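Report on one structure; see the data block that follows.
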Amino acid sequence: MQMDVAERGDGITQVALVGRLDISGLHEIDLKFHAQTAARKQPAIIDLTRLEYIASLGMGMLISCAQSLQRKGYPMILMGAHGDVDMALRRAGLDQAMPMAGDLGEAERLIAQA
Amino acid sequence: MADTPAAGTPGALDALRWTITLDLASLAAIEDDVRRFLVDAGVDGRAAFTAQLVVEEIVRNLVEHTPPYAAHETAEVRIAVGPATVTVVIEDARPPFSPFDGPALDVTAPLEDRRAGGMGLHLVRELTDELTYERAGERNRLVAVIGRAS
């Protein structure tokens with residue numbers, strides 16, 4: 001499991017999750033992901049374009065960080081989920097709890113509107 | 001630990017069985033084996049995704065409800081691949097626990113009301129084509145059937 005942080009310099013955190021967010025994957029990135037999202041005071045875009053697998057443990061990490069940011073007044077956008085990852089997120093109702101964008105442009109527009 | 005040959009190897013089977021102790025490290029250790037077995041058996045797409053999810057969610061739930069003094073106990077995970085379905089069977093000797101127990105997940109709840117609890121079993125119920133649970137003697141037995149064409 002890999003986590004790539006884009007240095008945008010515009011007050012938006014952009015983090016890509018790459019690989020499989022299974023139990024091993026979660027243990028590899030959990031603390032780093034919280035540090036890059038929940039611990040910061042700015043909106044976040046989570047790029048799921050290259051995420052291959054996620055189960056409820058990984059979804060719980062996303063929810064926890066989105067809630068932390070929400071309490072500070074910042075949105076967290078899930079971007080680029082596709083295939084089975086997108087299907088699982090929607091079946092768990094994450095699309096009802098936080099914004100999901102198809103691409104980076106849409107994610108940036110959602111942040112601008114928030 | 002797997003105790004039958006992996007598919008795709010000489011003498012390969014279209015079924016594989018793992019016996020694991022009830023701790024997260026043991027579960028994490030078989031996740032790659034499960035994925036490789038499914039790939040070698042030609043299972044892809046949603047069936048592969050769901051079979052892996054069923055193993056992770058059910059065994060993790062079992063681990064989380066197992067007190068430390070019982071963590072040496074084991075669960076058996078079996079996956080069988082057929083032409084049209086993948087069948088996952090998980091058995092353990094812990095107290096009775098049905099995946100149908102517990103409140104339904106409110107998938108429309110706003111972010112501030114979301115909790116991770118219950119999401120895994122909800123996904124298992126949602127994504128499998130057939131899901132059965134029985135208490136057979138002193139053992140729990142869960143059977144999940146996943147269509148390969150879905």
Side-chain angles (χ1 to χ4, degrees), chain A residues 1 19-30 34 37-38 43-44 46 48 51-78 81-100 110 114, chain B residues 20 22-36 38-39 43-64 99 102 104-128 146 148 150:
Chain A
M1 184 71 203
R20 295 174 48 79
L21 200 43
D22 55 14
I23 290 173
S24 300
L26 185 90
H27 287 169
E28 287 170 26
I29 65 145
D30 192 20
H34 274 81
T37 58
I46 313 304
L48 305 179
L51 187 65
E52 299 166 8
Y53 172 85
I54 187 169
S56 69
L57 207 57
M59 294 182 198
M61 178 188 78
L62 296 176
I63 289 171
S64 168
C65 290
Q67 287 173 330
S68 291
L69 282 177
Q70 184 186 53
R71 285 193 288 272
K72 297 172 188 169
Y74 300 105
M76 188 172 104
I77 315 291
L78 303 181
H82 60 92
D84 297 314
V85 168
D86 182 65
M87 174 272 301
L89 292 172
R90 293 179 189 279
R91 289 291 191 97
L94 262 69
D95 58 325
Q96 304 291 310
M98 62 184 86
M100 291 179 68
L110 287 170
Chain B
I20 60 172
L22 297 179
D23 59 78
L24 282 183
S26 297
L27 172 57
I30 71 161
E31 285 192 306
D32 259 357
D33 285 350
V34 169
R35 183 185 60 79
R36 276 196 298 270
L38 291 167
V39 168
V43 180
D44 56 12
R46 186 170 297 187
F49 185 97
T50 302
Q52 294 169 77
L53 184 140
V54 168
V55 172
E56 178 173 331
E57 301 293 0
I58 296 298
V59 177
R60 189 170 65 82
N61 191 71
L62 184 57
V63 168
E64 288 180 353
L105 181 71
D106 181 3
V107 295
T108 66
L111 179 60
E112 58 269 26
D113 294 338
R114 287 303 176 103
R115 298 291 177 270
M119 203 155 51
L121 292 178
H122 166 82
L123 284 169
V124 169
R125 292 190 295 261
E126 279 282 305
L127 299 182
T128 53
I146 304 143
R148 295 182 65 178
S150 60

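Source: prediction; values computed, not measured. Labels below follow one simple rule: chain letters A, B, ... track the order of the sequence lines, proteins then strands, and each chain is numbered from 1.
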- prompt: Would you call B:E31 and B:R35 a salt bridge, taking side-chain N to carboxylate O under 4.0 Å as the test?
  reply: no

- line: Ranked by heavy-atom pairs below 4.5 Å to chain B, first place among A:R20, A:Q96, A:M98, A:M59 goes to A:R20

Test item: A:M76 and B:L111 side chains (from C-beta on) under 4.5 Å apart, heavy atoms: no

message: At a 4.5 Å cut-off on heavy atoms, which part of B:L27 comes close to chain A: side chain, backbone, both, or neither?
response: side chain

message: For chain A, which candidate among B:R60, B:E126, B:R115 shows the most heavy-atom pairs at distances under 4.5 Å?
response: B:R60

query: Looking at A:D95, A:I54, A:L57, which has the largest count of heavy-atom pairs under 4.5 Å with chain B?
result: A:L57

- request: Show your reasoning for whether side-chain contact (heavy atoms from CB on, under 4.5 Å) applies to B:D33 and B:R36.
  value: CA-CA 5 Å; B:D33 285 350; B:R36 276 196 298 270; 2.8 Å; yes

- line: Cut-off 4.5 Å, heavy atoms of chain A, and the answer for B:E56 is side chain

field: Non-hydrogen side-chain atoms of B:H122 and B:V107 separated by less than 4.5 Å
entry: yes

field: Heavy-atom contact with chain A under 4.5 Å, split by part of B:L53
entry: both

field: OG1-CG distance between A:T37 and A:L69, expressed to the nearest 0.5 angstrom
entry: 6.0 Å

field: Contact origin within A:Q70 toward chain B - heavy atom pairs under 4.5 Å
entry: side chain

- prompt: Do A:D22 and A:S24 pass the side-chain hydrogen bond (donor to acceptor under 3.5 Å, both in side chains) test, and can you show the C-alpha distance, the side-chain angles, and the key distance before you say yes or no?
  reply: CA-CA 6 Å; A:D22 55 14; A:S24 300; 4.6 Å; no

message: Heavy-atom pairs under 4.5 Å with chain B: which of A:S56, A:G25, A:G60 has the most?
response: A:S56

- line: Distance col, row A:M87:CE vs B:F49:CZ, nearest 0.5 angstrom, shows 5.5 Å

task: Under 4.5 Å heavy-atom distance to chain B, tell me which part of A:M61 shows up: side chain, backbone, both or neither.
output: neither

